Number of protein chains: 2
Amino acid sequence: MRTRRPPTPYSGPVDDSLLTHGRALKHVQVREYVRSLVAGQAPGSPAPSERELVHRFGVARMTVRQALDTLVSEGLLERIPGRGTFVARPPRVTSTITGYSEEMARRGLLSESQTLLARREQAGPGVARALNLTEGDAVIHWRRLRRGDGQPICLEDAYLNEVLIPGFLQSGMPTSLYDELGERGLRPTWAEDSITADKATREEAELLELAPGAVVMRHSRRALAGEKAIEVSRSVYRADRFTMWIQLGG
Amino acid sequence: MRTRRPPTPYSGPVDDSLLTHGRALKHVQVREYVRSLVAGQAPGSPAPSERELVHRFGVARMTVRQALDTLVSEGLLERIPGRGTFVARPPRVTSTITGYSEEMARRGLLSESQTLLARREQAGPGVARALNLTEGDAVIHWRRLRRGDGQPICLEDAYLNEVLIPGFLQSGMPTSLYDELGERGLRPTWAEDSITADKATREEAELLELAPGAVVMRHSRRALAGEKAIEVSRSVYRADRFTMWIQLGG
DNA sequence: GAGTGGTCTAGACCACGAT
DNA sequence: TCGTGGTCTAGACCACTCT
């Protein structure tokens, strides 16, 4: 039986991001070592064997397994019993939440965005409910006319929970809302969308340079980052210039 | 230090589904015991503590942790350091691939489906490409008029890879395509959808009981079960009676 | 202080794949 | 046969929460 374990005064080079209470956890060290080894490797490339890592780090095999378990559950590695551990083929993208800018980029179109309105408002009943706020709470209302290759494509009214993004209006409006949210750790991870077809109102037709009554697609979204309802938006798209693409599942 | 472990001749009641090579793995026993305890429990209810399970099953704590790890990664349990292990609140549904029947059921509408066509055809170029087939390969073409509460809502043309579902046409058409595919282990796990708005053609307008030129929503789907492309479909929905709901992310 | 989960050890035997 | 991952043991110390 083992006696007391010494207080593990680890003293090697340590990435600060890997510290917990001032000390790097061993399984984290192993995990990040393997992650860096494996970064950029082709799918199917072998990762170090568990016993090799045991040797290199002087840790128990269970510790190595804990490290690899994480990477396997991340989809980075794949274990094949009797053969070894290998770089997994990149898992199919699991329905990413994308915004308009990314949608346009994906099709190779130049994405432009003209802000028609960006101001603090009091939440109405619908917006308040969608953002888990109380009616009258402060929200940011951002209305944009969006173009692809110069042509009007979409008119979007987004409402953002101001409490979650202090200084948003003052900092100048970002090009990509979702990138900006990402930098604040609030990139939406979940969204409820609804989509229907309709005819453009007169105002919409004017802004989108359509004949009144032309066919449009209406898209509503409620986007959440973790538990936080961050954005609710209503968009109207020219049907003749826009097809929505969605990938579901993983 | 331990000596050799005895050959673990487990003899308790064993669910066949839990057997591997004729012997129930201990972590599986523990896992399924906890799963059954926790089934139907309200979120936040405590699960047995790790040490309690160690006692009850006479196993090492690492074994119990392995069992609980699985349930945690399934989203069934949640660990809170210093407090215990608890039933997790049901994880948000990660964008399920749903078919029309399930969509209707979700809104509490009576879903009906009238088969207009169900036959073997030779794949055209578009369908062949979508199903990873060669032009001329056999596909099943299934055209349905779908109603909600008696009203025409959707006209759908589905093409299925016949090789993957032998005897499909002969067995009588199912009510829910996705349920039927599920029973063959081919429930789609991934789908590429595209959605746009348009005006109904004369034929569509007739079948959907619309005025010619009325606004409709067009929906295309390419659905895969694992690596197998199983279904490709084109649907047209009456915009006045149907809004598409999508949940993204998890 | 008692109980909980988080981390870690230093081994063991097994089934399986490659050689 | 040798190396691999899969399973398992019987403990240990830690930080944390709750009472």
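Everything numeric in this text was worked out from a predicted model, so none of it was measured.
Rounded to a whole Å, the CD atom of B:Q66 is 12 Å from the C1' atom of D:dG5. The CD atom of B:E78 sits 17 Å away from the P atom of C:dT4 (whole-angstrom rounding). To the nearest angstrom, P of C:dG3 lies 10 Å from CZ of B:R51. Per the geometry, CE belonging to B:M62 stands 11 Å off P belonging to C:dG6, to the nearest Å. The nearest whole Å value for the distance from the CZ atom in B:R31 to the C1' atom in D:dC8 is 15 Å. One can place NZ of A:K26 at 12 Å from C1' of C:dA10, the figure rounded to the nearest angstrom. Residue B:R61 contributes atom CZ, which lies 18 Å from atom C1' of D:dT7 at whole-angstrom precision. The distance from atom CG of B:L68 to atom C1' of C:dT4 is 12 Å, rounded to the nearest whole Å.
Distances shown here put a side-chain N or O of B:R65 below 4.0 Å from the OP1 or OP2 atom of C:dG6. Close to D:dG5, at under 4.0 Å from its OP1 or OP2, lies a side-chain N or O of A:T85. An OP1 or OP2 oxygen of C:dG5 is reached within less than 4.0 angstrom by no side-chain nitrogen or oxygen of B:R83. Side-chain N/O atoms of B:S49 include one lying less than 4.0 angstrom from OP1 or OP2 on C:dT4. The phosphate of D:dG6 has OP1 or OP2 within less than 4.0 Å of a side-chain N or O from A:R79.
Between B:H141 and B:Y159, the two ring planes are parallel [angle under 30°; tilted spans 30° to 60°].
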| field | Criterion side chain to side chain contact (heavy atoms under 4.5 Å, CB included) on B:T85 and B:V34, from CA distance to verdict | value | CA-CA 11 Å; B:T85 305; B:V34 174; over 6 Å; no
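Under a cut-off of 6.0 angstrom, the local environment of CD in B:Q122 is sparse, with at most 12 non-hydrogen atoms contributed by other residues, nucleotides or ligands.
A salt bridge links A:R65 and A:E50; the closest N-O separation between the charged side-chain nitrogens and carboxylate oxygens is under 4.0 Å.
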